[in-house]
S.K.: 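Handing you a structure now.
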Amino acid sequence: MRDAYHEELDSIGDGLVEMARLVGSAIGRATTAILDADLKLAENVIEADQKVDELQHELEARAIALLARQQPVATDLRIVVTSLRMSADLERSGDLAQHVAKLARLRYPERGVPHDLHATILEMGQLAQRLMAKAAEVIITKDVDLALQLEQDDDAMDLLHRTLFQHLMDDRWKHGIETAVDVTLLGRYYERFADHAVSVAKRVVYLVTGEHADEIQADLQTEIQTVPGAEGA
C-alpha cells in the first residue's frame, strides 16, 4: 500500500513535468507563429492548449483523491498542496502561449510584429522557453540552488520588456496604435509567462525545504553581507 501511495505521488510530479514541457514548447511555437505569420502553427498551438488543461484536471483529480484516501501529513501534504499550486501556474502559462498564438491568428496574413522588433520578440520567446525548461528540470531534480537561479534569469526578461516600452515611447514610432497595443500585449504575455516559471521554481524550493524562496534568498544575502570584506567587494 505504501509503495502504491508513493507511486501516486510520483505520478503527480510526472504530470507537472509533462505540463511544463508542453507549455515550454507552446511558447516557442507561438513565437514562431507570430513572427512568421504562420496560421497553421498558430492554430496548432491554440488547439494543443486543451491537452494542458486536461493534464491539470487529471492532476487535480489525483491530488484530491490522494488527500481523501491517504490523509497525508507533513512533507507528503506539502507535496500535494504545492503540486496543485504549480499545476495552476503551468496552466496559466499555457494560456499565455495560447494568447500569443491567437494574436498571430488575428493579424494573419500580416506579421504581428514590426521588423525592427523581430529580434526582441524572438529573444523573449526563446528566453521564456529556456526558463520553463529550467523549471521542468527543477521539478525533476528538486535542485534548490537551480530553482533560486531562475529569479536572476528572469531579470533578463524584465530588461527585454523594458526595451519594448522604450521602442513604444520613442517619438520615431511609426507603426500605429493597433501595432503598439499588440506589442504591449505581447510583452506582457512573455513577462507573465516568465513569472510563472519562476513561481514554479519557488514552489519547489518550498516543497523541498519548507521555507519560502524569498526568505532563503534574504538569509543568503545577509550571510554575504556579514562575510569579512564583502562590503568592499
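As the structure is a prediction and not an experimental result, all values here were calculated from the model.
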S.K.: Could you walk me through whether Met124 and Leu164 satisfy the side chain to side chain contact (heavy atoms under 4.5 Å, CB included) test, starting with their C-alpha distance in whole Å, then the side-chain angles of each, then the deciding distance to 0.1 Å, before giving a yes or no?
M.R.: CA-CA 10 Å; Met124 292 182 86; Leu164 280 184; 3.7 Å; yes
S.K.: Compare all side-chain heavy atoms of Gln56 with those of Leu90 and state whether any distance is below 4.5 angstrom.
M.R.: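 Heavy-atom side-chain distance check fails, nothing below 4.5 Å.
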S.K.: Determine whether Arg107 and Glu178 satisfy the following criterion, salt bridge (charged side-chain N to carboxylate O under 4.0 Å, His left out), listing intermediate values before the conclusion.
M.R.: CA-CA 10 Å; Arg107 298 302 171 217; Glu178 184 177 84; 3.7 Å; yes
S.K.: Is there a path from Leu67 to Leu9 through hydrophobic residues (I, L, V, M, F, W, Y) whose side chains come within less than 4.5 Å of each other?
M.R.: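 Per the 4.5 Å side-chain linkage, Leu67 and Leu9 are co-clustered.
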S.K.: Mark yes or no for whether Asp36, through its side chain, and Asp38, through its backbone, hold a donor-acceptor pair below 3.5 Å.
M.R.: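 Checking the backbone N and O of Asp38 against the side chain of Asp36, no donor-acceptor pair under 3.5 Å is found.
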S.K.: So do the side chains of Val183 and Thr179 get within less than 4.5 Å of each other, counting heavy atoms only?
M.R.: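 When only atoms from C-beta onward are counted, Thr179 and Val183 do touch, with a gap below 4.5 Å.
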S.K.: Considering non-hydrogen atoms only, spot the tightest contact between Arg62 and Gly15 and give its length.
M.R.: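 Reported closest heavy-atom pair: NH2-CA, 4.3 Å.
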S.K.: Among Asp145, Leu148, Leu150, Asp214, whose side chain to side chain contact (heavy atoms under 4.5 Å, CB included) with Val205 holds?
M.R.: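 Single pass found, and it is Leu148.
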S.K.: Check for me, please, whether Leu41 and Ile121 land in the same ILVMFWY cluster - side-chain distances under 4.5 Å, paths through other members count.
M.R.: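 As far as the 4.5 Å side-chain criterion goes, Ile121 and Leu41 are not connected within one cluster.
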S.K.: Look only at the side chain of Arg105 and the backbone of Glu43, and say whether a donor-acceptor pair between them is shorter than 3.5 Å.
M.R.: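 Not a single qualifying donor-acceptor pair exists.
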S.K.: Using the rule that Ile, Leu, Val, Met, Phe, Trp and Tyr join whenever any side-chain heavy atoms are under 4.5 Å apart, tell me whether Leu16 and Val144 fall into a single cluster.
M.R.: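 Yes, same cluster.
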S.K.: Please determine, by modelled atom types, if Thr184 and Arg188 share a side-chain donor-acceptor pair under 3.5 angstrom.
M.R.: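 Not at all, the side chains of Thr184 and Arg188 share no donor-acceptor pair under 3.5 Å.
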S.K.: Any idea how Trp173 and His175 line up, ring-wise: parallel (<30°), tilted (30 to 60°), or perpendicular (>60°)?
M.R.: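 Ring orientation of Trp173 relative to His175: perpendicular.
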S.K.: Is the shortest distance from a Lys or Arg side-chain nitrogen in Arg92 or Asp95 to a carboxylate oxygen in the other one below 4.0 Å?
M.R.: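 No.
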S.K.: Using a cut-off of 6.0 Å, state whether more than 12 heavy atoms not belonging to Leu159 lie near its atom CG.
M.R.: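 Atom CG in Leu159 is crowded, with more than 12 foreign heavy atoms closer than 6.0 Å.
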S.K.: To the nearest 0.5 Å, how far apart are NZ in Lys134 and CG in Leu146?
M.R.: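 Nearest 0.5 Å value for the NZ-CG distance: 5.5 Å.
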S.K.: Taking all non-hydrogen atoms of both residues, which atom of Ala63 and which atom of Leu84 are closest, and how far apart?
M.R.: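 Shortest heavy-atom contact: CB-CD2, 3.7 Å.
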S.K.: When rounded to the nearest 0.5 angstrom, what is the spacing between CE in Met132 and NE2 in His196?
M.R.: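 So the CE of Met132 and the NE2 of His196 are separated by 8.5 Å.
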S.K.: Quick one: are Arg78 and Tyr206 in side-chain contact, heavy atoms under 4.5 Å?
M.R.: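 The answer is yes; the side chains approach within 4.5 Å.
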S.K.: Is the number of heavy atoms from other residues, nucleotides or ligands within 6.0 Å of CD (Glu123) greater than 12?
M.R.: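 Open.
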S.K.: Grab the two heavy atoms, one from Leu59 and one from Ser83, that are nearest each other, plus how far apart they are.
M.R.: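 Looking at all heavy atoms of both residues, the closest pair is CD2-O, 4.1 Å.
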S.K.: Going through the distances and angles, do Glu18 and Leu55 end up as a side chain to side chain contact (heavy atoms under 4.5 Å, CB included)?
M.R.: CA-CA 8 Å; Glu18 186 175 0; Leu55 278 170; 3.8 Å; yes
S.K.: Applying a strict under-4.5 Å side-chain criterion to I, L, V, M, F, W and Y, I'd like to know whether Ile64 and Leu207 cluster together.
M.R.: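 Different clusters.
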S.K.: Are His161 and Tyr190 packed together at the side-chain level, in the sense that at least one heavy-atom pair is separated by less than 4.5 angstrom?
M.R.: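 No; the side chains remain at least 4.5 Å from each other.
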S.K.: Please assess Arg21 against Ser25 for the test side chain to side chain donor-acceptor pair (under 3.5 Å), listing each intermediate value before the final yes or no.
M.R.: CA-CA 6 Å; Arg21 287 173 174 167; Ser25 172; over 6 Å; no
S.K.: Measure the spacing between CG of Leu186 and OG1 of Thr120 and express it to the nearest 0.5 Å.
M.R.: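 OG1 of Thr120 is found 11.5 Å from CG of Leu186.
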S.K.: Rounded to the nearest 0.5 Å, how far does CZ of Arg172 lie from CG of Asp170?
M.R.: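 Reported to 0.5 Å precision, the distance equals 4.0 Å.
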S.K.: CD1/Ile139 to CG/Asp14 distance, rounded to the nearest 0.5 angstrom?
M.R.: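 If I round to the nearest 0.5 Å, the distance is 10.5 Å.
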S.K.: Compare every heavy atom of Ala30 with every heavy atom of Ala101, then report the nearest pair and how far apart it is.
M.R.: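 For Ala101 and Ala30, the tightest heavy-atom pair comes out as N-CB, 4.0 Å.
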S.K.: Flag the pair Arg192 / Asp195 as yes when at least one side-chain heavy-atom distance between them is below 4.5 Å, and no otherwise.
M.R.: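 Arg192 vs Asp195: side chains touch.
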S.K.: Is the shortest side-chain heavy-atom distance between Ile46 and Lys102 below 4.5 Å?
M.R.: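 SC-SC contact between Ile46 and Lys102 confirmed.
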S.K.: Within the structure provided, determine whether Val100 and Leu96 are in side-chain contact (heavy-atom separation under 4.5 Å).
M.R.: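 No, side chains not in contact.
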S.K.: Would you say the side chain of Leu66 lies within less than 4.5 Å of the side chain of Ile12, judging by non-hydrogen atoms?
M.R.: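 Yes; the side chains approach each other to less than 4.5 Å.
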S.K.: Any sub-3.5 Å donor-acceptor pair from Ser11's side-chain atoms to Glu8's backbone N or O?
M.R.: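 Checking the backbone N and O of Glu8 against the side chain of Ser11, a donor-acceptor pair under 3.5 Å is found.
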S.K.: Given Val200 and Val138, is the side chain to side chain contact (heavy atoms under 4.5 Å, CB included) satisfied, shown in steps?
M.R.: CA-CA 9 Å; Val200 168; Val138 168; over 6 Å; no
S.K.: According to a hydrophobic-cluster definition based on side-chain heavy atoms being under 4.5 Å apart (Ile, Leu, Val, Met, Phe, Trp, Tyr only), do Leu39 and Val113 belong together?
M.R.: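 They do not share one cluster, since no chain of ILVMFWY contacts under 4.5 Å joins Leu39 to Val113.
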S.K.: Can you tell me how far apart CG (Asp89) and NZ (Lys202) are? Round to the nearest 0.5 Å.
M.R.: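 Answer rounded to 0.5 Å: 11.0 Å.
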S.K.: Would you find a donor on one side and an acceptor on the other, under 3.5 Å apart, between the side chain of His118 and the backbone of Pro114?
M.R.: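 Checking the backbone N and O of Pro114 against the side chain of His118, no donor-acceptor pair under 3.5 Å is found.
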S.K.: Check step by step if side chain to side chain contact (heavy atoms under 4.5 Å, CB included) holds for Gln98 and Gln50.
M.R.: CA-CA 10 Å; Gln98 188 184 56; Gln50 183 178 349; over 6 Å; no
S.K.: If I compare all heavy atoms of Ala37 with all of Glu110, which pair ends up nearest, and what's the gap?
M.R.: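 Reported closest heavy-atom pair: CB-O, 3.7 Å.
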S.K.: Check whether Arg203 reaches the backbone of Thr82 with its side chain - one donor and one acceptor, N or O, closer than 3.5 Å.
M.R.: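 Between the backbone of Thr82 and the side chain of Arg203 there is no qualifying donor-acceptor contact (under 3.5 Å).
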S.K.: Where do Ala97 and Val45 come nearest, in terms of heavy atoms and distance?
M.R.: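 Closest approach of Ala97 to Val45, heavy atoms only: O-CG1, 4.0 Å.
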